[in-house]
Amino acid sequence: MSDISFTSPAPGYWADENVSADDWNSAKWQLKNRVSSLADIEKHLTLCEEERAGILLTGTKLATSVTPHYFNLIHPTDPDCPMRRQVIPRIEETYTDPSEMADPCGEDSHMPVPGLVHRYPDRVLFLVTDRCASYCRYCTRSRVVSGVSDQKLETQWDRAIEYLKRTPQVRDVLLSGGDPLLFSDSKLEKLLTRLHAIPHIQFIRIGSRIPIFLPQRITPELCAMLKQFHPLFISIHTNHPRELTTEVHDALGRLADAGIVMGNQSVLLDKVNDSVEIQKDLVQKLLMCRVRPYYLYQGDLIQGTAHLRTGIAKGIEIIEGLRGHTSGYAIPQFVVDGPGGGGKIPINPQYIVESNEERTVLRNYEGKEFIYPEAKLAAVPE
Ligand SMILES: *Cc1c(COP(=O)(O)O)cnc(C)c1O
């Protein structure tokens, strides 16, 4: 059942196109040859009606674009293919549930400077670009990402850096977007240099799905540049074990060899990764890539994503199916980003059966119960 082998999808749909190995392995070629239009997609895939309509109707909300590397993971005919559901739009994206919002995590109202989200006391989220290598249909920031919707990301670089300089309680800066690793090495180096020079910033992290969508971007030169800015963390974003290809495994290996600490953030998605079996394969494969599963997110209430969300109970079931059954290192924290701007709220299975002043009854992963008594302290003589 479980499949944790690393395989390469190349050349896949490009087998007849005589692409040289140099081209295929170049991030530039991958970006230039992204599959974006209905005609390009239909050259390779048999689409269902819901997908065809989705591709035609969603173009003014969130762009469609898939790198050849990732496109090769998509099943040619099955609309329920987990990779296909993540990057090929469906007509359901045009339906909005009354509970859904453009900015469900309340980011826009927590920006002291455009592009800088300061919600927690000691850390900030710095949105440095609105572009990605490929676009996830459930994007938490689809209101500004990909540059096709009315709202634009208008990051004010100098003002953001000035804010960080005069805000000493910020000790942790998280670069995101969009995908910061789309920047050229020199542009990213300039930004990291400015942040690294601020004395109270203790560490920098980058949120990126580039290692998955575009592993060709993780060059030895990029890794050598990033290495100068330790402690540097990268949060990657993987949802399905098949996304961890040979190329991705090697790219993550280069980052790990450069001393970068990596975590993975997954989003719980209907018919993508909504089972214990898939999640277990994913997290175990991540450890083999030297990436520690960090968060499993409940889908945000983004407009047009109801068809990709599951119930919260599914996430609890998954964590319960992992805890005790696989390495503790493999288990992410399940979180819900509180709608309206509550921040990340951890959700855990209930292991306390009952608790009173004398004892707590606990259950373990096998359902066996154990009693933990409170200490009975002898009265201290006067
Ligand atoms: C997720 C997030 C962070 C980082 O949170 P951690 O729990 O420290 O990973 C910081 N700021 C904002 C606005 C966030 O959404």
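When a ligand or atom number is given, it counts from 1 through the structure's own listing order. Along the sequence shown, residues are numbered consecutively beginning with 1. Basis for what follows: all heavy atoms, side chains included, without hydrogens, waters or symmetry-related copies.
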Report all side-chain donor-acceptor pairs from residues 59-74 shorter than 3.5 Å, counting only partners two or more places apart or in another chain.
residue, atom, partner, partner atom, Å
K61, NZ, E93, O, 2.9
S65, OG, S36, OG, 3.2
T67, OG1, Y70, N, 3.3
T67, OG1, F213, O, 2.6
H69, NE2, T245, OG1, 3.4
Y70, OH, Q86, NE2, 3.4
Y70, OH, E243, OE2, 2.6
N72, OD1, Y13, N, 2.8
N72, ND2, P11, O, 3.1

R217/D185 under salt bridge (Lys or Arg N to Asp or Glu O under 4.0 Å): CA gap, chis, key distance, verdict: CA-CA 10 Å; R217 170 73 186 95; D185 288 4; 2.6 Å; yes
Residues which pass salt bridge (Lys or Arg N to Asp or Glu O under 4.0 Å) with D257, listed by chain and number, not counting sequence neighbours: R290
Of all pairs that satisfy side chain to side chain donor-acceptor pair (under 3.5 Å), the ones with a partner from residues 322-332, not counting sequence neighbours: Q284-T326
Polar side chain donor-acceptor pair, N264 to T238, under 3.5 angstrom: yes
Donor-acceptor pair between N364 and E366 side chains, under 3.5 angstrom: yes
First-shell residues of ligand 1 [heavy atom, distance under 4.0 Å]: V117, R119, Y120, R123, L125, L174, R205, Y294, Y295, K344
